[in-house]
Amino acid sequence: MNLNDLSSLMERRQDGGLSFERFRADPALAALQWPDDVLRDFLFDHGPFVDDYADLDLSTITWTLETIPAAGFHTVPTGESDAGLIEHFAQNPVHWVTVRPLEVGRHWEDHGTWLRPPLLIDRCLVDPAGSGLQVLEGRTRVGVLRGRLREELHVASEHQAWVGRSQASTTERPH
């Protein structure tokens, strides 16, 4: 199943007549067995990222909440259609935090990280020759992290992120 297979569901979501609870209960989405945070951030709140991920086989992805060192975000890219966007947010991290709800800024100051984990995917899912991780959703958060690191503001040494990997690779990874 790919994003195009969900087009009718996405149209109903965009019309505003579909709550998240009804959205996630759709049989196609329920079969994915994805965490609510991933469904909400990737498919419900923002809609599908068709330009970069139209051919992504959603049914082969397993999501886990992982802890990643801050240094792991220094060079992580985003999709081609959003190239340069992370760097744009990194140029003024204080601004991008202040335009968010107050609890976002408080969380950065108190904990040195984001309030909600971004979504990253294993690059081999979009490019078989690719390696490493790619930002699927959360470009602002990753940009703020990079900017805060550059400006020597309070940043935690580790950050949580939802990471999507091929089911085959997750069964091969040691636990």
Side-chain angles (χ1 to χ4, degrees), residues 3 6 10 13-14 20 23-24 29 32-54 56 58 61-127 130-166 169-170:
L3 291 172
L6 299 174
M10 297 312 296
R13 179 202 59 82
Q14 291 169 347
F20 177 70
F23 179 81
R24 75 175 181 190
L29 295 180
L32 292 174
Q33 299 182 357
W34 286 6
D36 283 351
D37 286 348
V38 175
L39 284 174
R40 185 179 296 109
D41 287 352
F42 181 39
L43 299 176
F44 187 77
D45 283 349
H46 300 287
F49 298 73
V50 177
D51 290 342
D52 294 321
Y53 306 105
L56 190 61
L58 305 178
I61 302 173
T62 298
W63 293 91
T64 56
L65 191 58
E66 298 184 15
T67 301
I68 301 172
F73 291 94
H74 283 297
T75 58
V76 65
T78 191
E80 287 182 32
S81 68
D82 289 326
L85 197 54
I86 292 172
E87 291 76 19
H88 170 75
F89 295 127
Q91 290 174 4
N92 195 348
V94 173
H95 167 75
W96 293 109
V97 169
T98 59
V99 298
R100 299 292 188 265
L102 287 175
E103 63 265 18
V104 170
R106 273 191 237 119
H107 203 267
W108 275 108
E109 292 306 316
D110 294 346
H111 303 284
T113 191
W114 35 68
L115 189 58
R116 290 180 52 125
L119 309 181
L120 310 178
I121 59 169
D122 190 323
R123 295 194 74 221
C124 72
L125 290 169
V126 292
D127 175 8
S131 63
L133 299 174
Q134 177 171 314
V135 178
L136 177 68
E137 196 285 321
R139 295 166 300 280
T140 305
R141 284 167 271 178
V142 173
V144 166
L145 173 64
R146 286 184 190 174
R148 288 179 68 89
L149 284 166
R150 186 190 69 246
E151 293 182 11
E152 299 181 0
L153 299 172
H154 175 55
V155 173
S157 60
E158 297 179 323
H159 305 270
Q160 289 199 314
W162 284 104
V163 178
R165 299 183 191 279
S166 165
S169 70
T170 58

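Note that the structure is a prediction, hence the values are computed from the model and not measured. Computed from heavy atoms alone, side chains included, the values below leave out hydrogens, waters and symmetry copies.
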Asks: Atom CD of residue position Glu152 - does it have more than 12 heavy atoms of other residues, nucleotides or ligands inside 6.0 Å?
Replies: no

Asks: Counting distance only, does the side-chain N/O of Arg141 pair as donor-acceptor with the main-chain N or O of Pro117 below 3.5 Å?
Replies: yes

Asks: State, yes or no, whether a side-chain contact exists between Arg40 and Arg24 at a heavy-atom distance under 4.5 Å.
Replies: no

Asks: Does a side-chain N-to-carboxylate-O contact under 4.0 Å join Glu109 and Arg148?
Replies: yes

Asks: Does Arg146 reach the main-chain N or O of His74 with its side chain, forming a donor-acceptor pair under 3.5 Å?
Replies: yes

Asks: Backbone N or O of Gly105 within a donor-acceptor pair of the Arg100 side chain at under 3.5 Å?
Replies: no

Asks: Is there side-chain contact between Leu133 and Arg165, with at least one heavy-atom pair below 4.5 Å?
Replies: yes

Asks: Do Trp108 and Leu145 touch side chain to side chain, with heavy atoms closer than 4.5 Å?
Replies: yes

Asks: Taking the side chain as every heavy atom from C-beta outward, state whether Trp162 and Leu136 have any pair of such atoms under 4.5 Å apart.
Replies: no

Asks: Taking the side chain as every heavy atom from C-beta outward, state whether Phe42 and Leu3 have any atom pair closer than 4.5 Å.
Replies: yes

Asks: What residue among Ile68, Val142, Thr113 forms side chain to side chain contact (heavy atoms under 4.5 Å, CB included) with His159?
Replies: Thr113

Asks: Strictly under 6.0 Å, is that where the ring centroids of Phe89 and Trp114 end up?
Replies: no

Asks: Taking the side chain as everything from C-beta on, heavy atoms only, tell me whether Asp127 gets closer than 4.5 Å to Gln134.
Replies: no

Asks: Any side-chain heavy-atom pair from Val135 and Leu85 closer than 4.5 angstrom?
Replies: no

Asks: If we only count heavy atoms from C-beta on, is the Val38 to Leu119 side-chain gap below 4.5 Å?
Replies: yes

